[in-house]
Amino acid sequence: MRSLLGARSNFEVCGEAVDAQDGLEKALQLKPDVVVMGISMPNLNGFEAARLIHNVLPDIGILILSQHESPETSKQAFRAGALGYVLKSNMADQLESAVEAVSRRKEFVAPAHNSASSSVDITEAERTSARLAAIVDSSDDAIVSKDLNGVITSWNPAAERIFGYSVQEAVGRPITMLIPAELRDEETQILSRLKAGERIEHFETVRVTKSGERLNISLTVSPIKDSRGRVMGASKIARDITQRVRTEKELLANQELLRAAFAQTYAFLVMLSTNGTVLEANRAALEGTGFNHHEVVGRKLWDVWWHSLPEEQVIARTSVETAAKGVVVREECQYVLRDGTVRFADRTLNPVQDERGAVVMIVASALDITEHRQLRGMLEDRVRERTGELEMKNLELMRQTEVVRELSARLLQIQDEERRRIARELHDSVGQMLAAVNMNLAHVAREAHALSPESARALADNSGLLEQISTEIRTISHLLHPPLLDEVGLRSALQWYIDGFSERSKIQVTLELPEDFGRLPRNLEITLFRVVQECLTNIHRHSGSSTAAIRVTRSENEVRLEVRDAGRGIPAQTQNRLASGKLSGVGLRGMQERLRQMGGQLEVQSNGSGTEVSATLPIEVASAKQTATSASGAA
Ligand SMILES: Nc1ncnc2c1ncn2[C@@H]1O[C@H](COP(=O)(O)OP(=O)(O)O)[C@@H](O)[C@H]1O
Ligand SMILES: [Mg+2]
C-alpha cells in the first residue's frame, strides 16, 4: 500500500499502525488528512475504530479497505463515519483516486462499471439516507416529519424523549396533538406558509407533552418536496428551550432591576473597559458632575473627571491598572466637575470577572464626600481647639497647685525662722538687758540701808519680779525654739519640753524613745518636736485626758512618732474635714502639710476613748530635702 501511495508526490505516508488502537493513537498524534484502514483487524473491530476516530477527530477523512462485497458492509462503513470504501481487489486501480477524494472531503464509492464490485454498489440515495438516518437518530432535537394533512410520518428518539410519545404512538396521528388548544391557529398558518414553499426558522412557541406538561420550544419547519419540486409534507425540528426561556426571563428581570439600580442610585457609577475607557455612566455620574453622556463614553476615565488634575490622573490610571489585575482599589481622591470645580470623592474600582476569573470590566463607583470632609475637618479643628484649651487650663491648675504648695512650705519655713529669730532676740537681747537690770538692782540693793523701808521692800519685790521675768522669757524663748534640740538632740529636748508641759498642765506624760536613738537631720528633728508640741497642746485644750503617751521608733530608713491620749476623741465632723483636707488652720492640718512636704504622712485615729496621732517620715528623703533646703537657704 505504501508503495502504491508513495509513488505519488501528492501524498505523504506519515505513519503506519499495527492495529486499531495503535491507529487511533497515531491519528491523534499525527493528525493526518486521511486514515486508510481495513475492517478486520486484531483487537478492535474496524468499524468501531472508524467510529472512534471519527468522533474524536471529525476532520480526518476515513477510507475503508475491505474484501467484503456485500452492500450491507459498505453501508456500515459509512454509518461508522467513513468517507470512502474501496474493495481490496480494486485497490491498484482505485486507491489513489479514493485517497484523493477523501482528502478533499468527498465521498468515494467504487464505480459501478467494475464488474467485480457491481454487486456491492449502493446507490447514492441509499448512502445519503443511511447517513441522514444516523444523524436524525443521534440528534438532541426532536425531528418530526408530517404530511400536508398534518399527520405525523416520522418520529426520532429525541421526539420520544421530549414529548413522551413512542414512535408507535406518534406516527399516523395528527401533529395537533402536540399543540395547545389556544395555539391551533398557528398550525394552520404554518401549513399555509409551507404550501407556499417557505421555510420557518427558530419560531418560538409552546407545545404540550403526553403528560400535559407545557414546553417552550424553538421550531424550524422545512417543506419536503418530491423530485418534481412539489411540497409533500414538512420536517420539523423542535428544540426544548423551556429551561432557556425560564433563565432568560429571570435574567431579564434581573437586568431590569440592575438597570434601575444603576440609573437611580445617588452614587456615581461608571463602567470601564479594562484599559480605563468609559463604557457607560449612570445619571448621578453625569448630572452630578455636569458632563453629557456623549462627552464621557469612549473616553478614558481620567480624561473626564480628572481632566485638570495631572497628579490625580496618574493615580486614577494606576488604580485602573491595579483593578484590571483583579484587585479592588478604594481610595479618597479629588476630582473635577465639568466647570472646573474641584471636589472630593471616595472612589472604588471593582474588577468584574468572568467564570474563569479573567477581568472583563471594571465598575468604578464614587461618593462625593466634600461636605463630609469639611464637616470632619471642622469637627477635628474644634476638638483640637478644645483639647488645647483644656490642656492650658490643666497646666495652669497644676502651676497654681505648685505655687500653693511652695507658698505653704515657704510659710512653714518662715514660721520656723521667725520663731528662732524671736527666740534668739528674747534670749540674747532682752535676756542681756534683763541681766544688766539685775546687776543694776544688785548695785542698788547694796545701798538698800539708805532707802526708806517701803523703797527697800519695793526693791526686793523688783528683784523677785525680775527673776520671774527672766525665767518666763527663757521659757518662752525655749518653747519658740528649743535650744537643746540643736545641741543635744530630740530625746533631751522632748524630755525637757514634756517636763515643763506636765508641770504646767498637770497631765501625766510618758515618753518612750530608745536610748540609742541617735541624731536625725535637723529639720526632721524640728518637725517631730513640733508635732509633739501640737499634739500635747491639743490634748491639753481639747481631749480632757489626764494622761498622754509618746512613742518614737526608727528603722533604717523611717522614723515613726505616736502620740496617744485617753480623752473624749475628735468629733466625727472634724475628723471628716481633716480627712478630706478641708480643715483649715495651722494645727493638725499644718502638720499634715509639713509631713507631706517631707515625703511622710500624718494619720489620725480617734474614737470616744481617745485619740492617736501617728506620723511617719522617711529618713533618706528627709535628709535629701534638708540638703536641698539648706542649699537654697544658703543661696
Ligand atoms: N486629742 C484630741 N482630742 C479631742 N479632740 C481633738 C484632739 N486634737 C484635736 N481635736 C479636735 O480637732 C480640732 C482641730 O485641731 P487643730 O487642727 O489642732 O486645731 P485647733 O487646735 O487650733 O482647734 C480641734 O478643734 C478639736 O476639736
Ligand atoms: Mg491645735
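Start at 1 and go down the list; that is how both ligands and their atoms are numbered.
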Visitor: Everything protein-side that's N, O or S and under 2.8 Å from the Mg ion (ligand 2): list it, residue and atom.
Guide: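 Within the sphere that stays under 2.8 Å of the Mg ion (ligand 2), the protein atoms of type N, O or S are E534 OE2, N538 OD1.
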Visitor: Does E534 come within less than 4.0 Å of R594, counting only side-chain N to carboxylate O?
Guide: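 Answer for the salt bridge query: no.
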Visitor: Quick one: do E593 and R596 make a salt bridge, cutoff under 4.0 Å?
Guide: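 Salt bridge: yes.
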Visitor: Do the side-chain N and O atoms of E402 and Q400 include a donor-acceptor pair separated by under 3.5 angstrom?
Guide: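 The criterion, which ignores hydrogens and geometry beyond distance, is not satisfied for Q400 and E402.
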Visitor: Over all heavy atoms of both residues, which pair between R338 and G290 is shortest? Give the atoms and the distance, please.
Guide: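 Heavy atoms of R338 and G290 come nearest at CD-O, 2.7 Å.
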Visitor: Establish, from distance only, whether the side-chain atoms of Q495 and D499 form a donor-acceptor pair under 3.5 Å.
Guide: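 Looking only at side-chain atoms, D499 and Q495 do form a donor-acceptor pair, the distance falling under 3.5 Å.
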Visitor: Is there a heavy atom of Q575 sitting under 4.0 angstrom from any atom of ligand 1?
Guide: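 False for this residue.
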Visitor: Between I570 and ligand 1, which part of the residue brings a heavy atom under 4.0 Å of the ligand: side chain, backbone, both or neither?
Guide: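 Both backbone and side chain of I570 come within 4.0 Å of ligand 1.
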Visitor: How would you list, by chain and number, every residue that makes a ring-ring contact (aromatic ring centres under 6.0 Å, His included) with F529, sequence neighbours excluded?
Guide: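 F529: ring-ring contact (aromatic ring centres under 6.0 Å, His included) contacts with Y497.
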Visitor: For R519 versus V488, what's the shortest heavy-atom pair and its separation?
Guide: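 Minimum heavy-atom separation between R519 and V488: NH1-C, 3.7 Å.
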Visitor: Can you tell me how far CD1 of I498 sits from OG of S505, rounded to the nearest 0.5 angstrom?
Guide: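 Those atoms lie 11.0 Å apart.
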Visitor: Numbering the atoms of ligand 1 from 1, which are under 4.0 Å from a heavy atom of E534?
Guide: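 Selected atoms, number and element: 18 (O).
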Visitor: Would you mind running through ligand 1 and noting each atom that sits below 4.0 Å from a heavy atom of T574?
Guide: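 In order of numbering, the contacting atoms are 12 (O), 13 (C).
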Visitor: Examine L588 against ligand 1 and note whether any of their N/O atoms are separated by less than 3.5 Å.
Guide: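 In this structure, L588 places an N or O atom under 3.5 Å from an N or O of ligand 1.
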Visitor: My understanding is that we take every heavy atom of each candidate and find the minimum distance to atom 20 (P) of ligand 1. Doing that for R564, E612, Q573, H542, which one comes out nearest?
Guide: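 It is H542 whose heavy atom sits nearest to atom 20 (P) of ligand 1.
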Visitor: Can you sort out which atoms of ligand 1 are near G569, meaning under 4.0 Å from one of its heavy atoms?
Guide: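 Counting atoms of ligand 1 from 1, those under 4.0 Å from G569 are 4 (C), 5 (N).
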Visitor: Counting only heavy atoms, which portion of D565 has something under 4.0 Å from ligand 1: side chain, backbone, both, or neither?
Guide: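 It is the side chain that touches ligand 1; the backbone stays farther off.
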Visitor: Which ligand 1 atoms does T611 reach within 4.0 Å, using its non-hydrogen atoms?
Guide: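 Atoms satisfying the 4.0 Å criterion: 1 (N), 2 (C), 3 (N).
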Visitor: Side chains of D368 and T370 only: does a donor on one sit below 3.5 Å from an acceptor on the other?
Guide: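 A donor-acceptor contact under 3.5 Å links the two side chains.
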Visitor: Counting only heavy atoms from other residues, nucleotides and ligands, does the tally under 6.0 Å from CD of Q605 exceed 12?
Guide: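 Result for CD/Q605: open.
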